[in-house]
Amino acid sequence: MEHIKPHSLGQNRRCPGCWKMLTVAMCMALVACLQAQELQGHVSVILLGATGDLAKKYLWQGLFQLYLDEVGKGYSFSFHGAALTSTKQGQEFITKVLESLSCPEDMVPRRCAELRGQFQQLSQYRRLRTNEDYMALSKDIEAQLEHKGLREAGRVFYFSVPPFAYAGIARSINSSCRPGPGAWLRVVLEKPFGHDHLSAQQLATELGSFFQEEEMYRVDHYLGKQAVAQILPFRDQNRQALDGLWNRHHVERVEIIMKETVDAGGRTSFYEEYGVIRDVLQNHLTEVLTLVAMELPYNVSSSEAVLQHKLQAFRALRGLQKGSAVLGQYQAYGEQVRREQQKPDSFHSLTPTFAGILVHVDNLRWEGVPFFLMSGKAMDERVGYVRILFRNQAYCAQNEKRWVADQSQCLPRQIVFYIGHGELGSPAVLVSRNLFRPSLPSESWKEVEGRPGLHLFGRPLSDYYAYSPVREQDAYSVLMSHIFHGRKDSFITTENLLASWVFWTPLLDSLAHEVPRLYPGGAESGHLLDFEFSGTQLRFSRQQLEQLVPGPGSAPKPSDFQVLRAKYRESPLISAWPEELIAKLADDIEATAVRAVRRFGEFHLALSGGSSPVPLLQQLATRHYGFPWAHTHLWLVDERCVPLRDPESNFQGLQAHLLQHVRVPHYNVHPMPVHLHQRLCAEEDRGAQMYASEISALVTNSSFDLVLLGMGTDGHTASLFPQSPAGLEGTQPVVLTRSPSKPHQRMSLSLPLINRARKVAVLVMGRLKREITMLVSRVGHEPKKWPISGVLPSSGQLVWYMDYEAFLG
Ligand code: BG6
């Protein structure tokens with residue numbers, strides 16, 4: 001058959017059959033199109049909050065893009081902009097927004113205008129306030145379908161409204177505006193999804209009573225950013241090259257960064273309640289973190305597999321401590337809050353506008369690799385990226401000048417998912433040339449053209465294989481398309497959301513009263529916000545010379561005071577500020593350990609649980625390089641009757657803060673046997689007797705080299721509690737006891753066993769201990785009332801370590 005060339009169309013005299021053939025073909029295409037339309041059906045999109053900021057900036061454009069992508073592919077559409085605003089005002093607003101919609105650069109203006117006109121025709125404003133309004137909407141949609149003889153494919157409700165409005169709207173949709181049988185419902189939700197774990201759970205439960213999980217699409221617009229959306233496909237398509245590299249042996253660190261130049265002015269009522277961690281880290285940066293850290297599913301396009309692997313990554317995240325974070329606040333913020341919220345001059349906000357967080361992933365792949373998450377307002381530049389920096393294990397014999405980007409192993413090796421903005425100005429994927437040539441889908445990613453002079457992450461752009469999207473797309477447009485096609489892997493499921501809040505909530509609680517460091521903002525901040533880590537702690541690299549506005553944080557520094565030596569209950573007392581006290585105790589423990597190993601070849605250390613010893617364990621784990629761990633036996637002073645992997649378990653604390661950082665041979669680690677025969681602390685299982693036998697078999701004379709104790713506010717020590725005789729005297733070295741607080745059941749070394757130790761150190765910290773410290777200083781030997789008063793080693797030494805707050809108040 002002869003091909004019909006465009007210029008021959010008008011020349012039907014030379015090809016008499018052509019015109020007829022063309023007409024037939026066009027008719028067939030039209031019929032096919034109508035049939036397809038019939039087949040696929042009609043979609044109604046209802047944008048709630050259609051006159052708001054987000055809608056104006058992104059959502060209408062996203063809907064228009066959806067229309068451009070889908071027009072002629074078998075669906076028909078109607079778009080309903082809805083809000084509480086009056087019909088007249090709403091319609092005026094929408095008319096203006098629709099006029100400003102833009103088309104992709106490569107579309108000819110005439111076609112663009114034509115399609116925009118169609119889109120405008122299909123878009124209408126309506127006021128949605130009451131349940132009756134929703135009913136009326138549903139009726140109108142049904143009438144329209146009937147009138148045009150269309151089948152309903154589905155309804156999308158996009159919630160661009162504040163969360164307090166969610167429940168009411170959800171109820172109305174569920175009761176009065178669901179589509180008919182066979183058609184789908186998709187509700188799209190915008191953050192914030194709660195303020196902490198509890199509120200997120202409440203909101204999720206509430207929404208769950210109106211919608212099925214598969215009907216809900218929680219937006220994290222970072223998942224629609226092209227570079228972020230490329231992380232999993234990139235890992236998948238480059239499996240072979242990455243297989244050996246994507247792990248702790250090769251990755252030195254991962255940086256997940258989102259810096260903004262804008263500040264929070266104009267939105268302080270929202271920002272005051274949320275702050276940077278809730279606004280950006282809990283969602284955007286955490287999502288990116290899981291995409292980098294998760295095990296790669298076999299099928300990366302399976303939403304379910306991606307979700308399961310993400311949840312697994314969440315489970316591997318090590319809990320965050322106060323010391324995992326550094327916080328800042330740009331200087332003008334306080335004034336903005338006072339002004340916008342009519343607060344008095346005396347009001348000082350503690351809301352952070354900058355945060356750096358150190359995250360560790362405790363699994364075989366990532367153990368020991370620091371993940372830095374950082375975001376801030378009023379920074380020196382706007383940029384977002386994920387940078388995976390690889391270790392350099394090579395030595396290059398030739399002079400540096402002869403190092404060639406794709407050959408030298410001595411040049412930095414990194415993979416960067418450049419989310420956008422910054423020097424490059426567009427999303428990109430960068431791979432150092434000395435790593436491998438990556439494979440990216442050529443229909444959507446193209447090589448970046450050379451830009452002489454441009455340096456990124458310390459290297460010229462030419463040092464990277466660099467790719468950028470063929471067609472740059474706004475995140476909301478990408479997500480609109482995914483909603484339309486039911487691609488749930490770009491959205492946050494309830495489980496995913498709650499897992500993230502479980503991770504962040506304890507840190508947020510512990511930081512609630514922290515004073516953020518003030519920074520001037522922009523380039524003027526200089527190095528004030530630089531931070532560094534050591535072990536599990538993060539801190540600002542520079543001491544702040546002066547607090548720009550003095551806050552409650554400007555307390556005297558530890559070094560302003562000397563360690564105080566005195567007596568307490570006739571025994572030596574060492575008192576200092578917490579940091580110095582912990583450093584002194586850690587030094588003393590190391591010295592005792594070194595002496596014991598020199599004399600006896602081993603060191604037996606019994607440790608208490610709880611929060612006071614945590615900084616001590618961290619100090620020992622990160623600063624004591626000479627500690628003879630290989631010859632140290634670790635015992636527990638007491639244990640809660642919970643499984644060892646339970647976060648409440650004292651052993652778990654030891655594991656998290658010490659054991660995973662130092663090399664103690666596993667046969668030298670002696671957890672208390674609280675969990676035997678799949679039950680906890682049953683007398684019949686004789687766990688206490690087993691532990692006593694183990695001690696007597698391994699520790700000469702059952703005399704520990706050092707026992708570390710704490711003192712409770714009720715005078716308890718170890719798990720020996722007032723008014724409970726177990727373990728205060730008698731011959732049983734290890735006993736089961738009951739605590740007044742949960743978990744009630746405990747196992748503990750007895751007083752007689754503790755008092756056999758060569759040395760006992762009692763660590764007491766914090767203002768809450770002030771009263772008991774005073775009281776115990778005056779009482780005699782009354783272990784039944786105050787078990788701590790029964791601690792008196794028969795031939796060993798007792799030393800009290802108290803911080804100033806516990807000792808002086
Ligand atoms: C939003 C935050 O989720 O993300 C804003 O609420 C922030 O505070 C914004 O400015 C940043 O998004 P983007 O796409 O500009 O990087």
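What you see is a predicted model; the values in this text were computed from it and never measured. Side chains included, hydrogens not; waters and symmetry mates left out as well; all remaining heavy atoms used. We count ligands from 1, going down the list as the structure has it; atoms in each ligand are counted the same way.
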Enquirer: Determine the interplanar angle of the F79 and F77 rings, folded into 0 to 90°, and report it as parallel if under 30°, tilted if 30 to 60°, perpendicular if over 60°.
Expert: parallel
Enquirer: Under the side-chain contact (heavy atoms from CB on, under 4.5 Å) test, which residues partner D489, sequence neighbours left out?
Expert: S303, R487
Enquirer: Classify the angle between the aromatic ring planes of Y222 and H284 as parallel (below 30°), tilted (30 to 60°) or perpendicular (above 60°).
Expert: parallel
Enquirer: What does the list of residues with a heavy atom under 4.0 Å from ligand 1 look like, ordered by chain and number?
Expert: K191, H221, Y222, K225, M258, E260, R267, D279, H284, K377, R382
Enquirer: Which residues pass the side-chain hydrogen bond (donor to acceptor under 3.5 Å, both in side chains) test with S510, sequence neighbours left out?
Expert: none
Enquirer: Is the H221 ring parallel, tilted or perpendicular to the Y476 ring (thresholds 30°, 60°)?
Expert: parallel
Enquirer: Partners of E524 by side-chain contact (heavy atoms from CB on, under 4.5 Å), sequence neighbours excluded?
Expert: P520
